[in-house]
Novice: 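What follows is a structure written as structure tokens; I'll ask about it next.
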Amino acid sequence: RSTGELPAPNMSGVVALAVATLPATIHPAAGCVSCLAEAARRLRGRGVDDSDVLALSLHFSAPVWSNDHDFDGTGVDVYTTARLLKALKA
């Protein structure tokens, strides 16, 4: 018996397709391992689960896109979604 609803998409397939279409360079994890201790130090008392993201940001001198305030005061530039959308409109 049909409910007339479409089945939910396979989200892992959708994400894989989206990622496959982006220009990306794969870097060995060893490259940013040296930044993990510094990232954990900067996040002490906050979201240590974010250490890997902060380590990547430190290693590549790249901003972080996040609405998580745990990155505030870590010394990296943080783009919230609102800030990113505003920058894209400029």
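Atom set for the values below is all heavy atoms of this structure, side chains included, hydrogens, waters and symmetry mates excluded.
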Novice: On a heavy-atom basis, which atom in Arg46 and which in His69 lie closest, and how many Å separate them?
Specialist: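 Taking every non-hydrogen atom into account, NH1-O, 4.4 Å.
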Novice: With Thr80, which of Asp68, Asn67, Val64 fulfils side-chain contact (heavy atoms from CB on, under 4.5 Å)?
Specialist: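 The passing option is Asn67.
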Novice: Would you check if the side chain of Asp50 reaches a backbone N or O of Phe71 as a donor-acceptor pair within less than 3.5 Å?
Specialist: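 Here the side-chain-to-backbone pair does not exist.
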Novice: Using every non-hydrogen atom in the two residues, find where Thr74 and Arg42 come nearest and quote the distance to one decimal.
Specialist: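 Thr74 and Arg42 have their closest heavy atoms at O-NH1, 2.7 Å.
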Novice: With rounding to the nearest 0.5 angstrom, report the CG to CG distance, Leu36 to Leu58.
Specialist: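 Answer for the CG-CG pair, Leu36 versus Leu58, is 9.5 Å.
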Novice: So how far is it from Leu84 CG to Ser66 OG, rounded to the nearest 0.5 Å?
Specialist: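 OG of Ser66 is found 12.0 Å from CG of Leu84.
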Novice: Kindly work out whether a path of hydrophobic side-chain contacts (I/L/V/M/F/W/Y, heavy atoms less than 4.5 Å apart) joins Leu56 to Leu43.
Specialist: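 Hydrophobic grouping puts Leu56 apart from Leu43.
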Novice: Taking all atoms of both residues into account, what is the closest heavy-atom pair of Ala40 and Ser51, and its distance?
Specialist: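 Looking at all heavy atoms of both residues, the closest pair is CA-OG, 3.7 Å.
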Novice: Say whether Leu85 and Trp65 are linked into one hydrophobic cluster, either directly or through other cluster members, by side-chain heavy-atom distances under 4.5 angstrom.
Specialist: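 No, no single cluster joins them.
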Novice: Might you point out which heavy atoms bring Ala55 and Ala39 nearest each other, and give the distance in Å?
Specialist: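 Between these two residues, the closest heavy atoms are N-CB, 3.6 Å.
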Novice: Between the side chain of His59 and the main-chain N/O of Cys35, is any donor-acceptor distance below 3.5 Å?
Specialist: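 A pair under 3.5 Å: no.
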